[in-house]
There are 2 protein chains.
Amino acid sequence: MSRQTIEEYLETIKTLEEMEGSPVRTSSLARVLTVSPASVSEMLQRLSEKGMVRYTPYSGVSLTEKGLQQVLKLTRRHRLWEVFLNRHLGIGWEEVYDEACNLEHNTSGMVAEKLANYLGNPAVCPHGSPIPDENLRLPEKSGTPIANLETGKKAKITRITNEINSELLHYLTGLGIVPGAEIEVIEKASFDGTITIKAGESIKAVSAEVASFIEVEPAN
Amino acid sequence: MSRQTIEEYLETIKTLEEMEGSPVRTSSLARVLTVSPASVSEMLQRLSEKGMVRYTPYSGVSLTEKGLQQVLKLTRRHRLWEVFLNRHLGIGWEEVYDEACNLEHNTSGMVAEKLANYLGNPAVCPHGSPIPDENLRLPEKSGTPIANLETGKKAKITRITNEINSELLHYLTGLGIVPGAEIEVIEKASFDGTITIKAGESIKAVSAEVASFIEVEPAN
DNA sequence: AAAAATAATAAGGAAAACCTAACAATATAA
DNA sequence: TTATATTGTTAGGTTTTCCTTATTATTTTT
C-alpha cells in the first residue's frame, strides 16, 4: 500500500467517524472513495495489519491511536497551508482546501514547523477549524451548531464544518455567512429546520442541511 | 506512466543534457535514477510515443520542445518554492533543494503564479539559478565558470550550479563562497586546475571539480 | 575483421490497487 | 421466526507499472 493511499483511507475514516459516528461502515468508505466495497475490505485488512485501524468484519472500522496521530499530523499540515494560501497568497477560503490537499502529503516535519512559526502558530484555518498544535493536541470544542442558538440571540460564526464543497462556501460567502461574521437568528422553522439568519443588513434563510455546517459562539 | 514518473524522467534528462551533453545515454539515466537500463529503454519508448522526447535506439534521448516546456514549468515551481523556503521560512540554501522537490510536483498553476507574485517575481533561486518567467522564458546566460576568470581579477559569485549536493554547499558556505560574495582569484594551478580564491579575508583553495560549479561575473 | 564492450529487447514476474461474481452474515419485515 | 433484503467478505481476475535476467543487436576497440 502506497503512502498516498494509506493517507487517503485514514483521512476518510476520520472524516466519516466525525460525520456518521464510529465505527465507520465499509459501504460509507466505498461510497466516498468511489471504489468497490470489496476493495475497501481488502484495504482495511492491510491497514489493520499495519496497526493503523481497528477492523471488525461486518461491524466496521475505527482509527487506532497510531492512525489518529497520523491523521492529526496531516491535518496540521493541511490547515497550516490553508492559512498560508489564504492569508499570504490571497486565495479565497472557498478554494484553499483542494490546494492544501495537494501540498499536505509532501511537506516534511521541518517545513511544517517552520511554516507554523512563520504564520505565528495560528489556532484555526480559514474555515475556523482548529489546527492541532506541535504535539498534535486539539483544544476543547467550543462552538455549537447554529440550530442550537435561540431565536433572537446574537452570535459570531466560528466555523464552517464543510470545507470541501467550494460551491457551498461560495454560496455562504454571498450570504455574508463567513467565519468571524456577527449574526442573529431571526427564525427557526420547526417543520423542516430552515433557519432565517440576519448577517449584516441582509436577512436570508438557509436549509437545515446547510445550517448543520454553521457553528457559532453566542455573543456575551 | 504516472505523472510523477514522467516528471522524474524528463527532469533527469534535462539535467544530464546540461551535464554530459545531448543526447543522453540510456546508461546515464539508469545510473542516476537507480533503475535498470531495461526499464529506462521501456520508459523512453513510452515518453517518445507521448511526444516528450526524441529517442533514437543505441544513440540516446533528448527532450522535445514539449518535454522542455514541461521541465521549465517544474523548474519555475521548484525555484519559486526554494525562494520561499529560504527567504521566508529561513531554511538554509544548502537544504532547500530537497524540500522544493517534494512541493514542485503538487503545485497548481494558480498557486505557482500567486506565489511568484507574493515573492516579487524573483529572477533567481537561492543558488543563483535563473527562474523561468511566467511564459517559461529564461534570460541569456550571463555568468562564467570561475576557471575562466583571470588571476588577480575581482568578481562576484552569481551562481553555484550544483544545487543537489548539500554537503558541497555546506562546505562552500564555510569558505564564504556563496552567491553574492565578492571574491578574487589568487592563483590557478595549471597542473590540476586547483584554484585559490580570496573571499572576504580568507584565502582558500578548491579543486577543479568544485570550481566547476562556481559561476562568477567579473567586477567592472 | 574479430573481439570486447555497451545497449536494447524479450520474456517473465511481482506488487499495488482495483474489479466482478459468488457466497456469507446480519438486519428487517411479514 | 422464517423469509427477504441488505450489507460485507472472499476468491479469483485484470491492469498498470515497475522489476530482473537472459538474449540479441550494435558500436567500439584492438
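Here is how names work: the chains are called A, B, and so on, in the same order as the sequence lines, proteins then strands, and each is numbered from 1.
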key: Pairs satisfying salt bridge (Lys or Arg N to Asp or Glu O under 4.0 Å), at least one member in residues 25-36 of chain A, at least two apart   =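 Pairs touching residues 25-36 of chain A that pass the test: A/Glu20-A/Arg31.
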So ring pair (Phe, Tyr, Trp, His ring centres under 6.0 Å) across residues 19-71 of chain B, not counting sequence neighbours, yields none
By ring-ring contact (aromatic ring centres under 6.0 Å, His included), which residues pair with [X], not counting sequence neighbours?
X       : result
A/Tyr97 : A/His78
A/Trp81 : A/Phe84, B/Trp81
B/Tyr9  : none

Across all chains, not counting sequence neighbours, the side-chain hydrogen bond (donor to acceptor under 3.5 Å, both in side chains) partners of B/Glu150 are none
Hits for side-chain hydrogen bond (donor to acceptor under 3.5 Å, both in side chains) against B/Gln4, two or more places apart or cross-chain, chain-then-number order -> none
What residues 4-36 of chain B contributes to the DNA chain D interface at heavy-atom separation below 4.0 Å is B/Thr5, B/Val35, B/Ser36
Within residues 47-59 of chain B, the residues having a heavy atom closer than 4.0 Å to DNA chain D are B/Tyr58
Problem set entry | Polar side-chain atom of B/Ser129 near backbone of B/Cys125 as donor-acceptor pair, under 3.5 Å | no
Here the distance between atom P of D/dA11 and atom CD of A/Glu42, to the nearest Å, is 11 Å
*Which is true for A/Ser2 with a 4.0 Å heavy-atom rule: it touches a base, it touches only sugar-phosphate, or it touches nothing?*
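Sugar-phosphate contact only.
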* Residue met sooner reading DNA chain D from 5', once B/Met43 and B/Ala38 are mapped to nucleotides ->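 Per heavy-atom nearest nucleotide, the more 5' residue is B/Met43.
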Outer limits of DNA chain C sitting under 4.0 Å from a non-hydrogen atom of chain A, read 5' to 3', are C/dA16 to C/dT26
Show me the donor-acceptor pairs, under 3.5 Å and distance only, between side chains in residues 85-92 of chain B and residues at least two apart or in other chains.
from: B/Asn86; atom 1: ND2; to: B/Ile91; atom 2: O; distance (Å): 2.8
from: B/Arg87; atom 1: NH1; to: B/Leu119; atom 2: O; distance (Å): 3.0
from: B/His88; atom 1: ND1; to: A/Tyr118; atom 2: OH; distance (Å): 3.0

Taking side-chain contact (heavy atoms from CB on, under 4.5 Å) as the definition, give me every residue that meets it alongside A/Ser22, ordered by chain and number, with sequence neighbours left out.
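Result, side-chain contact (heavy atoms from CB on, under 4.5 Å) vs A/Ser22: A/Glu17, A/Ser62.
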